Chemist: 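Dropping the structure in here first, questions after.
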Protein chains: 2
Amino acid sequence: MKQKSITIYDIAKEAGVSSATVSRVIARNYPVSAKTRKKVLDLIDKYDYQPNAVARSLTKKETKMIGFVLPDITNPFFSQVFIEAEKYALTKGYTLILCNSMNTSEMESKYLKILSERQVEGIILMGGRINKKLPDAVEVSEVSQVLDKLPVMMINGKIDGLHCHSVRTDEAKGMELAVNHLVRQGHKKIGLIGGVNGITTTDIKVEAYRNLLLKYDLTFRDSWQIYSGFDVQTGEEAIDKLLMLNKDKLPTALIGINDLVIMGALKACRRKRIKPFDFVGFDNTDLAKNSSPEITSVSHPYSQLGEKAIDLLINASKSSNESKDILLDPYLEVRESCSITKL
Amino acid sequence: MKQKSITIYDIAKEAGVSSATVSRVIARNYPVSAKTRKKVLDLIDKYDYQPNAVARSLTKKETKMIGFVLPDITNPFFSQVFIEAEKYALTKGYTLILCNSMNTSEMESKYLKILSERQVEGIILMGGRINKKLPDAVEVSEVSQVLDKLPVMMINGKIDGLHCHSVRTDEAKGMELAVNHLVRQGHKKIGLIGGVNGITTTDIKVEAYRNLLLKYDLTFRDSWQIYSGFDVQTGEEAIDKLLMLNKDKLPTALIGINDLVIMGALKACRRKRIKPFDFVGFDNTDLAKNSSPEITSVSHPYSQLGEKAIDLLINASKSSNESKDILLDPYLEVRESCSITKL
DNA sequence: TTTAAATATGAAATCGGTTTCTATAAAATT
DNA sequence: AATTTTATAGAAACCGATTTCATATTTAAA
């Protein structure tokens, strides 16, 4: 195990050529005589020679690595974007380094530093805590030493005061898909649950939600729009809060800030043994597909999100320093949750 | 953007010392006078100097990187192990490189090659296709050039003919937890759904299941043990098959090869509007916690799995070439699914 | 046939660190 | 005061590739 691995010099020596020539054979972008090429290729094959990517990175000053920092890969929303990005990056010869910040700012800063030291060529950031109006937000200044040196791509987020590119799902449009769908099902009382005031994606959705109620001339009640969080428990609690209202003051349909809160809402309805509301979630994660009832959900264009992020980042390294922002269209994945009343 | 980054020489020059001295200050394992140290540290601070990990890797012949190849990070079983491994690796100064093989053998081979070129110090393999008795299995010989050179750690799996370490959950013991639990609930007719004949983890569970039925003196019927797969659809189909039996020949409780098939079973029960069976799943993923009803599930000792894998791998690089196999105990996470009859 | 252009290859510098070996200065010992 | 230790720091080699520059050999053009 772990025998000394062979280098380009070993190959060169046995082939009776210089390392430069072997390098040229490998890069195959430079003329080498057919005879020499064959001799070298045969030896590469014979010894299973693999060029050392670390050494190559050092000389070429390119690592072909991209850092991908997100709060938690266990969350299917993030993992789906990651997987699409990874798939696409591979076709472009890049390797992603995934970093789970566990939603803590220390981890986030730490990983940014590690990635920078490892000479990644760019960083993709999702759902981070940088410059958020949150208790343990990361100050931009803290990480700017890192982020200023590297092309940065934010997915579904934007940091004020930081020069970076972004790719986002048009969540206002997503909200329109959701509301429109429910309205067409005949709903006139639509609530919105989950999210945290001050988080961009929440704010966008909430604003769109209110505007749409106006547009469709639907009643809005403060008690129908419940901030809480992003997890299952959040959804359960939201239902509990709603049920404190008079029965005739309840909404008939609920939009969730994501699928998880809808899962929670479903649990609460089951626990309380009430006929569930009609639901529409956001993110279209596997959860929505696998739960029973299945959940109708506004889907991110996952593959586009991943691909555009990689593409822009790769080109960003080359091109000028204007920052690009791309807005992508969501779509609605209609499932049974809106006909749950049939149960 | 992307200004030329400063090197150890820049620091050395401005401090009026040699690069060796700066290196020593950074490594702080070698005597440097207090005066010199301060001068250097001040400059490092002034310029936000970060050592280039690529260059360091080249000289030290250690990258502090470990490859982690799994089929699909979207699957919470894998992502939970990964996240624990990552967390622990970080404390040891290692970075993980996650590779999603998408369950294809080409990707698996490709990633192994990439990881090897990138000089990872070890590879963790989960749920791969190497040497499986499957249509598109990877021949060991194909990847042995890579795997023979590096310490390899398998999590919940073992490859014949490949020298590697392994960490596994004792799934026979897990099955015992499941059966025992159901028996204590008064069940005498217990079925098993999901899995694929020939896959190690399935085989272990099936064998344990049969032995346990004997041990508890319970009836076994062929029709109660349904091979199918590992996903939600699999679970749905299993219920469909079961329902073709006479009502008095149905089991009263079902054990799922994982949580997903139980999710599927729940969906099918709901669709067929039948009072569900009692269920116990495997893996204790978030799914089990978030679904309604919640699913009782046999849990892997996730953090141990991840930590042991990293620990053994790190020490393996150093120590002899005997391979270690570690078996860890699962535990049962009791949730409501076993009292679903209350619904 | 002579000269110019194209092809094929090697020598050596380089990337940014670490480490060994050596030299000097300072401290401790005799 | 002379000698031995010890602390400090530099010079230079090295890790394994790539690439520039120069050179030798062919081939094409004049």
Side-chain angles (χ1 to χ4, degrees), chain A residues 2-41 43-44 47-65 93 114 116-121 149, chain B residues 2-41 43-44 47-65 93 114 116-121 149:
Chain A
K2 202 143 200 203
Q3 63 266 41
K4 193 187 166 306
S5 53
I6 48 161
T7 71
I8 200 170
Y9 293 105
D10 301 322
I11 300 293
K13 195 173 172 189
E14 186 158 341
V17 300
S18 74
S19 69
T21 300
V22 177
S23 177
R24 282 168 192 137
V25 169
I26 294 165
R28 51 175 147 37
N29 56 357
Y30 203 88
V32 176
S33 75
K35 197 169 57 206
T36 311
R37 162 170 293 117
K38 180 168 185 344
K39 202 163 43 175
V40 170
L41 286 177
L43 285 169
I44 286 177
Y47 290 110
D48 267 329
Y49 165 73
Q50 288 190 313
N52 181 324
V54 172
R56 172 181 292 159
S57 291
L58 184 59
T59 29
K60 297 189 78 170
K61 284 167 169 292
E62 63 170 39
T63 54
K64 294 285 183 183
M65 297 195 301
I114 289 178
S116 161
E117 284 181 356
R118 290 200 183 273
Q119 314 294 119
V120 296
E121 293 176 32
K149 282 182 208 140
Chain B
K2 201 139 199 208
Q3 63 267 44
K4 193 185 165 311
S5 53
I6 48 159
T7 71
I8 199 168
Y9 294 104
D10 301 324
I11 301 292
K13 193 171 175 189
E14 186 158 342
V17 301
S18 73
S19 69
T21 299
V22 177
S23 176
R24 282 167 192 139
V25 169
I26 294 166
R28 53 176 143 42
N29 57 358
Y30 201 89
V32 176
S33 76
K35 196 170 60 215
T36 312
R37 160 168 296 115
K38 181 170 186 340
K39 200 164 44 179
V40 170
L41 286 177
L43 285 169
I44 285 177
Y47 290 111
D48 269 326
Y49 165 71
Q50 287 190 315
N52 180 323
V54 172
R56 173 181 290 159
S57 291
L58 185 59
T59 25
K60 297 190 78 170
K61 286 168 168 289
E62 62 170 40
T63 53
K64 295 282 182 185
M65 298 196 301
I114 289 177
S116 161
E117 284 181 356
R118 290 199 183 275
Q119 312 296 117
V120 295
E121 293 177 34
K149 282 182 209 141

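Here the structure is a predicted model, which means the values were calculated and not measured. Per chain, numbering begins at 1; letters A, B, ... match sequence-line order.
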Chemist: From CD of A:E62 over to P of D:dG16, roughly how many Å is that when rounded to an integer?
Modeler: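 Value for this atom pair: 20 Å.
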
Chemist: Specify the separation, in whole Å, of atom CG of B:L58 and atom P of D:dA13.
Modeler: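 One finds 17 Å between P of D:dA13 and CG of B:L58, rounded.
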
Chemist: Is the shortest side-chain N/O distance from A:K61 to OP1 or OP2 of C:dG16 below 4.0 Å?
Modeler: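 Yes, A:K61 has a side-chain N/O under 4.0 Å of OP1/OP2 on C:dG16.
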
Chemist: Tell me if a side-chain donor or acceptor on A:T21 pairs with a main-chain N or O of A:V17 at a distance below 3.5 Å.
Modeler: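 Between the backbone of A:V17 and the side chain of A:T21 there is no qualifying donor-acceptor contact (under 3.5 Å).
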
Chemist: Specify the residue among B:A55 and B:P31 whose closest nucleotide of DNA chain D lies further upstream toward the 5′ end.
Modeler: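 Result: B:P31.
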
Chemist: Answer whether the closest heavy-atom distance between the side chains of A:I8 and A:P51 falls below 4.5 Å.
Modeler: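 They are not in side-chain contact.
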
Chemist: I need the OH-P distance between A:Y30 and D:dA22, as an integer number of Å.
Modeler: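 Atom OH in A:Y30 sits about 13 Å away from atom P in D:dA22.
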
Chemist: Does a side-chain N or O of B:Y49 approach OP1 or OP2 of C:dG17 to a distance below 4.0 Å, or not?
Modeler: yes

Chemist: To the side chain of B:I8, which of C:dC15, D:dA17, C:dT18 is closest?
Modeler: C:dT18

Chemist: In whole Å, what is the span from the CZ atom of A:R28 to the C1' atom of C:dT7?
Modeler: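 Atom CZ in A:R28 sits about 20 Å away from atom C1' in C:dT7.
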
Chemist: For the residue pair B:D10 and B:E14, establish whether any side-chain heavy-atom pair is separated by less than 4.5 Å.
Modeler: no

Chemist: C:dG16 C1' sits how many Å from B:I26 CD1, rounded?
Modeler: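 My rounded result for the distance is 11 Å.
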
Chemist: Taking side chain as C-beta onward, heavy atoms only, is B:L41 less than 4.5 Å from B:V25?
Modeler: yes

Chemist: Side chains of B:Y47 and B:I11, heavy atoms from C-beta outward: is any pair under 4.5 Å?
Modeler: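 Yes, their side chains come closer than 4.5 Å.
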
Chemist: Residues of residues 12-21 of chain B with any non-hydrogen atom less than 4.0 angstrom from an atom of DNA chain C: list those, numerically ordered, please.
Modeler: B:S19, B:A20

Chemist: Just to be sure I understand the rule, does A:T36 reach a base, reach only the sugar-phosphate, or reach nothing, if contact means heavy atoms closer than 4.0 Å?
Modeler: sugar-phosphate

Chemist: Taking the side chain of A:T59 as heavy atoms from C-beta outward, which of D:dA17, D:dT20, C:dG16 is closest to it?
Modeler: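 Closest of the options to the side chain of A:T59: D:dA17.
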
Chemist: Check the distance between D:dA13's P and B:K60's NZ and give it to me in whole angstrom.
Modeler: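 Those two atoms, NZ and P, are 22 Å apart.
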
Chemist: Measure from the side chain of A:Y9, starting at C-beta and using heavy atoms only, and say which of C:dT9, C:dG16, D:dT18 lies closest.
Modeler: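 In terms of side-chain proximity for A:Y9, the closest of C:dT9, C:dG16, D:dT18 is D:dT18.
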
Chemist: Measure CD1/A:I11 against C1'/D:dG16 and give the value in whole Å, please.
Modeler: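 Rounded to whole Å, this separation is 13 Å.
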
Chemist: Please determine, by modelled atom types, if A:Q119 and A:T63 share a side-chain donor-acceptor pair under 3.5 angstrom.
Modeler: no

Chemist: Go through B:E62 and B:K64 one step at a time and tell me if the side chain to side chain contact (heavy atoms under 4.5 Å, CB included) criterion holds.
Modeler: CA-CA 6 Å; B:E62 62 170 40; B:K64 295 282 182 185; 3.4 Å; yes

Chemist: Side chain of A:S23, heavy atoms from C-beta onward: which of D:dG16, C:dG17, D:dT19 has the nearest atom to it?
Modeler: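 Nearest to the side chain of A:S23 among the choices is D:dT19.
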
Chemist: Nearest whole angstrom, please: distance from the C1' of C:dG16 to the CZ of A:R118.
Modeler: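 Taking CZ of A:R118 and C1' of C:dG16, I get 16 Å after rounding.
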
Chemist: Which is true for B:T7 with a 4.0 Å heavy-atom rule: it touches a base, it touches only sugar-phosphate, or it touches nothing?
Modeler: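 The residue B:T7 makes sugar-phosphate contact but no base contact.
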
Chemist: Measure from the side-chain heavy atoms of B:R24 and tell me the nearest of D:dA17, D:dT8, D:dA11.
Modeler: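 When the side chain of B:R24 is considered, D:dA11 is the closest of D:dA17, D:dT8, D:dA11.
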
Chemist: Could you tell me whether a side-chain N or O of B:S57 sits under 3.5 Å from a main-chain N or O of B:A53, the two making a donor and an acceptor?
Modeler: yes

